[in-house]
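Notes follow once the structure below has been shown.
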4 protein chains.
Amino acid sequence: MPGPLPYPALSAPAPSQTRERILDVAEALFADQGFAGTSVRDIAAAAGLTAASLYNHFDGKEALYAAVLERGIRPLVLLMQSHTGGGPADETAAELVGHVMEHLRRRPHLPRLIQHEALTGGSHLARLARDWVRPLLHYGTTEMKREPSPWEADEFPLVIAAWIHLLLGHFTMAPLFREVLDEDPLAPPLLERQTRFLQKLARILATATPRRRASSK
Amino acid sequence: MPGPLPYPALSAPAPSQTRERILDVAEALFADQGFAGTSVRDIAAAAGLTAASLYNHFDGKEALYAAVLERGIRPLVLLMQSHTGGGPADETAAELVGHVMEHLRRRPHLPRLIQHEALTGGSHLARLARDWVRPLLHYGTTEMKREPSPWEADEFPLVIAAWIHLLLGHFTMAPLFREVLDEDPLAPPLLERQTRFLQKLARILATATPRRRASSK
Amino acid sequence: MPGPLPYPALSAPAPSQTRERILDVAEALFADQGFAGTSVRDIAAAAGLTAASLYNHFDGKEALYAAVLERGIRPLVLLMQSHTGGGPADETAAELVGHVMEHLRRRPHLPRLIQHEALTGGSHLARLARDWVRPLLHYGTTEMKREPSPWEADEFPLVIAAWIHLLLGHFTMAPLFREVLDEDPLAPPLLERQTRFLQKLARILATATPRRRASSK
Amino acid sequence: MPGPLPYPALSAPAPSQTRERILDVAEALFADQGFAGTSVRDIAAAAGLTAASLYNHFDGKEALYAAVLERGIRPLVLLMQSHTGGGPADETAAELVGHVMEHLRRRPHLPRLIQHEALTGGSHLARLARDWVRPLLHYGTTEMKREPSPWEADEFPLVIAAWIHLLLGHFTMAPLFREVLDEDPLAPPLLERQTRFLQKLARILATATPRRRASSK
DNA sequence: GATGAATGAGGATTCATTCAT
DNA sequence: AATGAATGAATCCTCATTCAT
């Protein structure tokens, strides 16, 4: 049932099929090769255009990149927001993991786009941090405060970060593990196992006895 | 306390101070901007040379990159090998985490180099997989078989991968989290906390009840 | 009387004035300085372009060179083919000499292009040999078999080669002889004398008594 | 009497074995690829040296080229001089052809060096013309005046030039004809046949009826 | 909307040459 | 006499971008 673009722009004014096609191929190429490693000409060619024609749709390479990032990250932000009102912690965490994995499964370029941007410290990092990481941090911290957990308060951000690493890492490291596993990390079977694995981990951590520091307190 | 190059090359034919300097700056620049985003001229300039002079030391950009990768990864491989003979699982895991973190602390560019390579599916991935990931996978799997753990056999590779994501992610995502945390993820205090956090996680997982199959089935 | 390009390409997809201009100046420069001695920038400049612009018309220096060679040699090949049906040998030889000289007079760069290619053993030699020398060899040999001549069968190829040396040599050696003669070898008067001289030689050889080897036979 | 390098060293003042080796490989490379197409580094490497070391023996690329040319052409000039006093024309011509061919057989790079220089109109053309072509022209003209021949006076230079084209062409065109003949033009058998062919041609021309002016006018 | 053509800036690499060792 | 290291200039070519059509 879901199309290639799960979050259908909500109310876009006819997204100009060509524009969308450019965004698609640009997303794939930027995710593969990063901003510096991708040429406008290659993007245009992959979209069936000349480089010159691409400038009828975007103001330049940088603007195109921004659009790709924006289009990719907005749904992720929305997904986070839609989970801010939660239930019992042990379920919510596993649920959220499931939903995020489901989202990334449909947009497998996204983690690599984010990772590229994080690595090179690009100019969109600030927005990424503000719109995506900060809310997530806030939500996660709030959640962890509500329920007992093995973690100290000053570890909360590290826990959130760890979940991001686990979720994205599976995608960003896929080419490396593809070489060494028998399966493609991005193929459905392994994606499902990874999802269940992470959910299991979430449950283990949720039920882990927070008995430490009993003496230190 | 130790110098910047803890693993003294083991078999260098005369480190040629300039060559080493080039490798240093190239490592930093490649880690920051990736292969495509880094220009030979910039590397040379950062090393106090002309681009032409750099070619007296390396056969080209690609060869320089290979040398950087080689120099960076070899110690990591050796570190893995030196831990293949382990003690009680619960200690070994935390210990290994500590040692790896200590190593990465001294060579903070390494995780980003690896991540860049993994993202772009570069030509050195195969070597990376063979020399580093595969042994690690083998060692970890063996270790997990020896002791009870919450994980099924088919989850073992995912556990290893997860640890890699956790260890490297802290470094590769540092620029992103720097924007949102009050601290620099690569500064000593947070590095130490991350180390202890991961070790704690290791212990929690090691002692988690392996209630699998018994109840779920 | 006709223009500079007597053989109107026969099947050009739109000569694109600029492209033709580039070919013209490239032909002159390659003929003067050879492939290695000619820079793309110089060609572009001579055509009133930037080097970058030249790449909108040709895929690279090598491709441009190939196009120059192709454009130069094709008419020569066609000229040869149009003379394959001959009359009495003594006339045909002199006639052919006249036609070839007339052709070379209009395209004086051609012999030097060919000579450069032959000297450096370039990658287009094989094509040159196949399309131009081999048919010429075949035709000449056939012709010589039909009429008595002073030459033995195993000398036929050497005779053909000799004619090539005589025809091209006048052009390829022009700069050298310009220094020592009072006239320019490529100026009309001397070109005409050279033509008549070669035709006279052709007639002399055609009528030379083949009395040799009378005893050996 | 002669210079430092007439034929095989006869009495050289220990020509610095290395210098000679450089000259040898430079001659071969310049003959193959021309001046522009040959790099100092390649020459040095072929001589078993570094480019820097080559500068201990020659003042630079241009000087080395000049030395190669000088060393190659001087013997040719001497050869010409030694034949200035001739006997009966019909023998002298064939004899001279034989001697020149013999000389070129031993120094097969020479024709290509000369041809390269002639093609590119290099800076050594003047010397070449003065020392080699002009005497040859003078000698040949004188010789032709002494005996009846089919040629008019104003054709004399063309006859000389033709002989040069025939003699050198066999060598400069060798790569082209190698592709199309069954034999290597520079291998002994074909070299001998070419020599006999040219000598035969010389005799034919020498005995051709000088019916000029008488009938044609 | 699309494109061919043009271009300045910059990409990696090679070149001939110098100089201290 | 030989070399490693350095370099300015030049090599071919790609880049992102513009503009008239």
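Owing to the predicted nature of the structure, the values given are computational and were not obtained by experimental measurement. Order of the sequence lines sets the chain letters (A, B, ...), proteins ahead of strands, with each chain counted from 1.
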Exercise for the section: Assess the side chains of C/H57 and C/E20: does a donor N or O sit below 3.5 Å from an acceptor N or O? Expected result: no

Practice task
Let me know, please, whether B/G48 or C/G60 comes out on the 5' side of the other along DNA chain F by nearest nucleotide.
Solution key: B/G48

Handout entry: Pair A/H116-B/Q115, side-chain donor/acceptor within less than 3.5 Å
Key = no

Handout entry: Interatomic distance where OH belongs to A/Y55 and P belongs to F/dC15 [whole Å]
Key = 12 Å

Practice task
Rounded to the nearest angstrom, tell me the gap between atom CG in C/L64 and atom P in F/dC12.
Solution key: 11 Å

Problem - Contact check, side chains of A/K61 and A/F35, non-hydrogen atoms, under 4.5 Å - result: yes

Fill in the blank from the handout: Rounded to whole Å, the CZ-C1' distance (A/F30 to F/dA16) equals 12 Å

Problem - Residue-phosphate contact under 4.0 Å: C/R41 side-chain N/O, F/dC12 OP1/OP2 - result: no

Handout entry: Selected nucleotide, minimal atom distance to C/A52 side chain, candidates E/dA12, F/dA16, E/dT7
Key = E/dT7

Completion exercise
Ranking F/dC15, E/dA16, E/dG1 by distance to the side chain of A/N56, first place goes to E/dG1

Completion exercise
Taken to the nearest whole Å, CD1/A/I43 to P/E/dA2 is 16 Å

Handout entry: Residue pair B/E70 / B/Y65, side-chain donor-acceptor N/O under 3.5 Å
Key = no

Practice task
Test side-chain contact (heavy atoms from CB on, under 4.5 Å) on A/T120 and B/D32 and set out the steps.
Solution key: CA-CA 5 Å; A/T120 61; B/D32 265 5; over 6 Å; no

Problem - Nearest listed nucleotide, side chain of A/L49, among E/dC15, E/dT3, F/dC12 - result: E/dT3

Practice task
Please state whether the phosphate of F/dA2, meaning OP1 or OP2, lies under 4.0 angstrom from any side-chain nitrogen or oxygen of D/S53.
Solution key: no

Problem - Spacing between C/E62 atom CD and F/dC12 atom P, to the nearest angstrom - result: 12 Å

Exercise for the section: Looking at every strand, decide which applies to C/A51 at a 4.0 Å heavy-atom threshold: base, sugar-phosphate, or nothing. Expected result: nothing

Completion exercise
The answer to which of D/T50 and C/A36 contacts DNA chain F further toward the 5' end, by nearest nucleotide, is D/T50

Handout entry: Whole angstrom value for the distance that separates P of F/dA16 from CG of A/D59
Key = 16 Å

Fill in the blank from the handout: Secondary structure of DNA chain E per the Watson-Crick/G-U criterion (both distances under 3.5 Å; [ ] crossing, | other strand, . unpaired) is .||||||||||||||||||||

Practice task
Indicate yes or no: at least one non-hydrogen side-chain atom of A/F58 is less than 4.5 angstrom from one of A/L23.
Solution key: yes

Fill in the blank from the handout: Regarding the side chain of C/K61, the nearest nucleotide among E/dA16, F/dT17, F/dC13 is F/dC13

Completion exercise
When rounded to the nearest 0.5 Å, the distance separating OG of B/S123 from CD of B/E62 is 4.5 Å

Exercise for the section: Taking only the side-chain nitrogens and oxygens of B/H57, find out if one of them lies under 4.0 Å from OP1 or OP2 of F/dG4. Expected result: no

Handout entry: Evaluation steps, side-chain contact (heavy atoms from CB on, under 4.5 Å), between C/R71 and C/R107
Key = CA-CA 11 Å; C/R71 192 187 69 152; C/R107 316 228 90 210; 3.9 Å; yes

Problem - Distance, rounded to the nearest Å, where B/F58 contributes CZ and F/dA6 contributes P - result: 12 Å

Fill in the blank from the handout: When rounded to whole Å, the CZ to P distance for the pair C/R21 and E/dA5 reads 12 Å

